[in-house]
Amino acid sequence: MERAAEALGWSGVVVPDVLLLGTHVSVVVIPDAAAHEWRLENQCAEPLLDPDSLAMWEWPQGRGLFPPSAVSIQGVLAGVERSPRNALSTARKWRGFAATAVALPSVAAAGRDLLLECSYSGVAVVCEDQDEAKVIQPGHAGRLATARRTTVDRWIEEKLYGRLVADAELADALL
């Protein structure tokens with residue numbers, strides 16, 4: 001998935017195989033070292049998953065009072081566990097949060113119909129060969145233009161932040 005993210009031009013840290021909102025995805029996040037430092041200094045470095053508290057954290061009036069988000073989502077990669085169609089379905093669900101892509105094991109797995117549906121949905125298609133990944137169809141950058149930020153965005157960021165904090169290999173990205 002790291003090669004796929006690199007081929008797409010998504011900078012950041014790949015958090016692999018995350019179960020979020022009923023889907024298994026890999027998420028490329030951009031850590032914010034200053035926000036992590038703020039949270040450490042203010043004894044709130046643990047992720048918070050309480051929806052009511054997160055709703056307050058998102059209030060514009062609370063900026064500077066509540067913990068800043070320590071990660072932002074660059075993109076979401078859906079792998080082909082069962083079928084390319086399931087990967088596309090998963091990627092579509094994430095378009096409201098970030099750019100998305102389907103990672104296929106080979107160019108042969110990218111049928112004409114799948115490419116057409118991905119194009120219509122704004123989902124990129126990446127094929128990973130043995131030692132490199134190639135973008136065979138670009139997708140839309142960023143989240144859907146009509147999607148607005150909600151408490152769910154912050155909850156997802158907190159879950160991913162928790163994964164970075166807990167995983168020794170990923171924790172260095174916060175420094």
Do [X] and [Y] belong to the same hydrophobic cluster, where Ile, Leu, Val, Met, Phe, Trp and Tyr are linked whenever their side-chain heavy atoms lie under 4.5 Å apart, directly or via other members?
X      : Y     : answer
Val18  : Val28 : no
Ile73  : Val13 : yes
Ile136 : Val80 : yes
Leu20  : Val29 : yes
Val107 : Met1  : no

So which pairs with a foot in [range] pass salt bridge (charged side-chain N to carboxylate O under 4.0 Å, His left out), sequence neighbours left out?
range            : result
residues 138-149 : Glu58-Arg149, Arg143-Asp153, Arg149-Glu157
residues 116-125 : Arg85-Glu117, Arg92-Glu117
residues 34-57   : Arg39-Glu158

Working to the nearest 0.5 Å, report the span between [atom1] of [X] and [atom2] of [Y].
X      : Y      : atom1 : atom2 : value
Asn42  : Phe66  : CG    : CZ    : 12.5 Å
Leu21  : Trp155 : CG    : CH2   : 5.5 Å
Thr151 : Trp57  : OG1   : CH2   : 12.0 Å
Lys134 : Ser106 : NZ    : OG    : 11.5 Å
Cys118 : Leu88  : SG    : CG    : 4.5 Å
Leu54  : Ile156 : CG    : CD1   : 11.0 Å

Quick one: closest heavy-atom pair of [X] and [Y], and the distance?
X      : Y      : value
Ala35  : Pro68  : CB-CG, 3.6 Å
Pro84  : Ala109 : CG-O, 4.1 Å
Gly139 : Ala124 : N-CB, 3.4 Å
Ala98  : Gly75  : CB-CA, 4.0 Å
Ser69  : Arg154 : N-NH2, 3.6 Å
Val126 : Ala133 : CG1-CB, 3.8 Å

Next on the checklist: Would the distance check show the side chain of Gln137 and the main-chain N or O of Leu115 forming a donor-acceptor pair, the cut-off being under 3.5 Å?
Outcome noted: yes
Mind checking whether [X] and [Y] have side chains closer than 4.5 Å, heavy atoms only?
X      : Y      : value
Arg95  : Ser121 : no
Val76  : Phe97  : no
Val123 : Trp94  : no
Leu77  : Leu8   : yes

Item to check | Val165 and Tyr161: CA distance, side-chain angles, deciding distance, side chain to side chain contact (heavy atoms under 4.5 Å, CB included) verdict | outcome: CA-CA 6 Å; Val165 169; Tyr161 176 58; 3.7 Å; yes
Checklist entry - Passes side chain to side chain contact (heavy atoms under 4.5 Å, CB included), His36 versus Asp32? Steps please. => result CA-CA 6 Å; His36 177 63; Asp32 184 339; over 6 Å; no
Next on the checklist: Please determine whether side chain to side chain contact (heavy atoms under 4.5 Å, CB included) holds for the pair Leu104 and Leu114, giving the CA-CA distance in whole Å, both sets of side-chain angles, and the decisive distance to 0.1 Å.
Outcome noted: CA-CA 11 Å; Leu104 301 175; Leu114 178 69; 4.1 Å; yes
Next on the checklist: Can you tell me if Gln61 has over 12 outside heavy atoms packed within less than 6.0 Å of its CD?
Outcome noted: yes
